[in-house]
Amino acid sequence: MIDLIAENLAPIMFVSVMAMLLLGYPVAFTLAAGGLAYFVIGVEVSHLSPEIRLFWPLLQAHPDRIYGIMYNDTLLAIPFFTFMGLILERSRMAEDLLDTIGQLFGPIRGGLAYAVILVGALLAATTGVVAASVIAMGLISLPIMTRYGYNQSVATGSIAASGTLAQIVPPSLVLIVMADQLGRSVGDMYVGALYPALIIITAYCLYIFSLTIFKPQWVPALPVEARTLGSGVTSLVAVVAGAIALHYICYYFVFEALRYETRFVWSAVSAASAALLLSLANRKFNLGILSRLTEEVVIVLIPPLALIFLVLGTIFLGIATPTEGGAMGAVGALVLALIKRRLDLKTVKQALDSTTRLSAFVMFILIGARVFGLTFYGINGNVWIEELLLALPGGELGFLVVVTIIVFILGCFLDFFEIAFIMVPLLAPVAETLGIDLIWFGIILGINLQTSFLTPPFGFSLFYLRSIAPTKEWTDTATGRVLPGIKTTAIYKGALPFIVIQFLVILTVILFPGLVTHYKGEPTVSEDIEIQLPGFGSEGGGMTLPPFGSPAQQEDGSSPGGLPGLPSFGLPAPSDPPGDADSADETTPETSAGDGADAPAAPAPSMDLSTPPSFN
C-alpha cells in the first residue's frame with residue numbers, strides 16, 4: 001500500500017487538494033497546508049520511489065521564494081488598477097456614462113442595451129473589476145430598462161455579460177496575472193487581447209441588433225418624454241469630424257519635428273482638449289453653437305477616454321510600463337474625482353481599504369501556491385501533468401480543447417486568481433512544448449474565464465446581479481408604477497445567448513491565432529552582430545566553473561580547484577579543448593602551437609581522496 005502511494009503521490013496530491021478547494025475551503029490555506037502535508041509524506045516515502053526528490057533542507061527555499069513574490073514589479077500593477085477603478089466607481093462615473101450614452105442611443109430600438117454594452121466596455125477599460133462593473137450598471141440601468149418595457153432576460157443578460165468585459169478588455173487584472181504566470185510581457189498581453197475584446201463587444205452589439213429585427217418588442221426605444229437631452233446629433237458629428245481634422249493637422253504640421261509616439265500623444269491631446277473646451281465654453285456662456293446632447297456627450301465622455309488613453313495609450317506606444325501606467329491611472333482617477341467634486345476622505349479610505357484587501361488576497365494565494373508548487377514539483381508532479389496532456393489526441397488543437405473544457409469547469413467553482421496561480425503554471429510548460437504561443441494561450445484562457453463568470457448556477461457575475469436585482473414587486477419612483485421583481489431563472493436565461501457568443505469567440509481565436517499574435521509586429525531585418533564576452537576562468541571563454549570532482553589547474557599549478565569527493569558528471573575540465581572529454585585523465589607534456597610550445601608542462605596536481613581537503 002505504501003509503495004502504491006509513493007508511486008502515485010503526484011496524482012493523489014493534485015486530486016485531494018483540488019477536492020478541498022471545490023468543497024469551499026480557503027484557497028491560500030488549503031494550498032499551503034496541502035503542500036506542507038504532502039512534503040512530510042514525500043520525505044518519508046522518498047526511499048521507495050526515485051521520482052520523489054524531497055528532503056528536509058529543501059524547506060529553507062521557502063523564504064526566498066516568498067520574497068520573490070513581494071519583489072515582483074509586475075504584480076504591483078494590480079493594486080494600482082484596483083484603486084483606480086474603485087475611485088472611478090465611487091465618483092459615479094458609470095452613472096454619468098449610462099445616462100448620457102443611453103440618451104444618445106435612446107431614439108433607436110435596443111438603445112439602452114447598446115448603451116449598457118458600450119459603457120461596460122468603457123468601465124472595463126477603466127475599472128478592470130467585474131464586481132464593480134456589474135453592480136454599478138445593475139443599480140443604474142436595470143430599473144430604467146425595466147421601466148421602459150425591456151424583456152427581463154435581455155436586460156439582465158446584457159448587464160451581466162457587459163460586466164464580464166472587465167476580464168478581457170485591457171487593463172484587465174486577469175491579463176496582468178496571466179502574463180506574470182506565463183512569464184510574458186503585460187504590454188504584449190494587452191496588445192494581443194485588443195482584437196478579441198473588440199470582437200466580443202461587436203458580437204454583443206450584433207446580438208442586440210438581431211433582437212431589434214426578430215423581437216422588437218423586447219428592446220423598445222426610449223419614449224420621447226424620456227429623452228431629456230433632446231436631439232442634436234448633427235453637431236456631435238461636426239465636433240467629432242473637427243477633432244479628427246485637428247488631430248491630423250497637429251500630427252503632420254504642428255508637431256512634425258517630434259518622434260512618432262510624442263507626435264501622436266500631443267496631437268490627440270490637442271484635439272480632445274479643443275473639443276472639451278468648446279463644449280465647456282458653450283455651456284458656460286450659453287453660446288448655442290452645440291446642442292445640449294452634444295455638449296453633454298463630449299463633457300462626459302472625454303475625461304474617461306482621456307484616462308484610458310493615459311493608461312493604455314502610453315503602454316501600447318511603449319512610453320510607460322503597465323505598472324507605471326497603473327500608477328498614472330490611479331492619479332488620473334483621483335484628479336477626475338476631484339474635478340467633479342466627488343472626492344472626499346471617506347471615498348479614499350474605502351478605496352484604499354478594498355485595494356488592500358484584494359492585494360492581500362492575491363498575495364496569500366500566491367504564497368500558498370508557492371508552497372504547493374515546491375512540493376508538487378519535488379514529486380515530479382509537473383512531469384505527470386505534462387505526460388498526461390501530451391498524450392492527448394489531436395496535438396495542439398486537442399490540447400487547447402481539453403484545457404478549455406477543464407478551465408471552464410473549474411471557473412464555475414473557483415475564482416480566476418486561484419485558477420491562474422494553480423493551473424496556469426502547470427499548463428504553460430506543456431503549451432510551450434507543443435509550440436503554442438503563450439500570449440495566444442493566455443488570451444484563450446482569459447476569454448474562457450470570462451465565460452465562466454456567466455455560467456449558471458455558479459457564475460460570479462450572475463451572483464453580483466442577483467444581489468442587487470429586486471426579487472419582489474417594487475414601486476418605480478419616477479413613474480409611480482408597481483413593477484414585477486426579477487426572477488433568478490430570468491437572469492440565468494438571459495446569460496445563455498452571451499455564453500454561446502463567448503464560445504464562438506474562443507473557437508474563432510483558436511482557429512485564427514493571428515488575431516492575437518499580431519502583437520509581434522513585422523520582423524525586423526538587421527545585420528549580424530558578433531559579440532565576444534571575456535572568459536572567466538577558462539581558456540575557451542564563457543562563464544564556466546570547474547566541474548565537480550575535476551582538478552582545475554591554476555596558473556601556478558599549485559592549488560587544485562573543484563570539490564573533491566563529488567562526481568564530475570562526465571564534464572571535461574575547463575582547460576581541455578572541446579571534444580576531448582575522453583582524454584581528460586591523460587597528461588601531455590606538450591602544448592599546442594602558438595600557446596608557448598617551449599614552456600614546460602605544469603605538473604599534474606596530486607589529490608588524496610581518502611583524506612579531508614587541505615586549504616593551506
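From a predicted model like this one, the values you see are computed outputs, not experimental measurements. Only this structure's heavy atoms are used, side chains among them; waters, hydrogens and symmetry mates stay out.
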Taking the side chain as every heavy atom from C-beta outward, state whether [X] and [Y] have any pair of such atoms under 4.5 Å apart.
X	Y	result
P79	L358	no
L366	L75	yes
E296	L301	no
L334	F83	yes
F361	V27	no
L165	Y204	yes
Y519	D437	yes
M145	T156	no

Whether over 12 other heavy atoms sit under 6.0 Å from [X] [atom1]:
X	atom1	result
Y195	OH	no
W474	CH2	yes
R357	CZ	no

Contact summary for [X] and [Y], nearest pair of heavy atoms:
X	Y	value
S279	I299	CB-CG1, 3.8 Å
T455	I499	CA-CD1, 3.8 Å
P303	V298	CD-O, 4.2 Å
A193	P170	CB-CG, 4.4 Å
A275	I302	CB-CD1, 4.0 Å
L438	R184	CD1-NH2, 3.4 Å

Atom [atom1] of [X] and atom [atom2] of [Y]: how far apart are they, to the nearest 0.5 Å?
X	Y	atom1	atom2	answer
L97	M137	CG	CE	11.0 Å
I319	M328	CD1	CE	8.0 Å
L310	I315	CG	CD1	9.5 Å
K340	L88	NZ	CG	8.0 Å
S158	N151	OG	CG	10.0 Å
L410	I422	CG	CD1	8.5 Å

Determine whether L290 and L278 satisfy the following criterion, side-chain contact (heavy atoms from CB on, under 4.5 Å), listing intermediate values before the conclusion.
CA-CA 9 Å; L290 305 176; L278 177 61; 4.1 Å; yes
Donor-acceptor check, side chain of [X] to backbone of [Y], threshold 3.5 angstrom: yes or no?
X	Y	value
S172	V169	no
W440	V509	yes
T323	L76	no
Q167	L175	no
S354	A351	no
S162	I159	no
S467	Y464	yes

Residues pairing under salt bridge (Lys or Arg N to Asp or Glu O under 4.0 Å) where one sits in residues 187-208, two or more places apart or in two chains, turn out to be none
Go through the structure and list residues passing salt bridge (Lys or Arg N to Asp or Glu O under 4.0 Å) with [X], not counting sequence neighbours.
X	answer
R341	none
R65	none
R466	none
E324	none

Who pairs with [X] by side-chain contact (heavy atoms from CB on, under 4.5 Å), at least two apart in sequence or on another chain?
X	answer
D344	K346, T347
V500	L504
S291	S235, L293, T294
I176	T74, A77, I78, F81, L173, V186, Y190

Among N448, I168, T451, whose side chain to side chain contact (heavy atoms under 4.5 Å, CB included) with Q502 holds?
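Considering N448, I168, T451, a side chain to side chain contact (heavy atoms under 4.5 Å, CB included) with Q502 is found only for T451.
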Pairing residues for R370 by the side-chain hydrogen bond (donor to acceptor under 3.5 Å, both in side chains) criterion, not counting sequence neighbours
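Once residues adjacent in sequence are excluded, R370 has no partner under the side-chain hydrogen bond (donor to acceptor under 3.5 Å, both in side chains) criterion.
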side-chain hydrogen bond (donor to acceptor under 3.5 Å, both in side chains) with D99: which residues, sequence neighbours excluded?
none
So does D353 pair up with K349, basic N to acidic O under 4.0 Å?
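Salt bridge between D353 and K349, a charged N being under 4.0 Å from a carboxylate O: no.
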Ring-plane angle category for F264 and Y251, please: parallel below 30°, perpendicular beyond 60°, tilted otherwise.
perpendicular
Where does the angle between the aromatic ring planes of F364 and F29 fall among parallel (under 30°), tilted (30 to 60°) and perpendicular (over 60°)?
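F364 and F29: tilted rings.
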Would you please test L122 and L305 for side-chain contact (heavy atoms from CB on, under 4.5 Å) and show each step?
CA-CA 8 Å; L122 288 174; L305 289 176; 3.7 Å; yes
Checking side-chain contact (heavy atoms from CB on, under 4.5 Å) for the pair V191/H518: CA distance, chi angles, key distance, verdict?
CA-CA 8 Å; V191 175; H518 68 91; 3.7 Å; yes
Determine whether S267 and F255 satisfy the following criterion, side-chain contact (heavy atoms from CB on, under 4.5 Å), listing intermediate values before the conclusion.
CA-CA 7 Å; S267 300; F255 304 111; 3.7 Å; yes
N/O donor to acceptor pairs below 3.5 angstrom from side-chain atoms of residues 109-119, sequence neighbours left out:
unit_1	atom_1	unit_2	atom_2	d
R109	NH1	P216	O	3.2
Y114	OH	F209	N	3.4

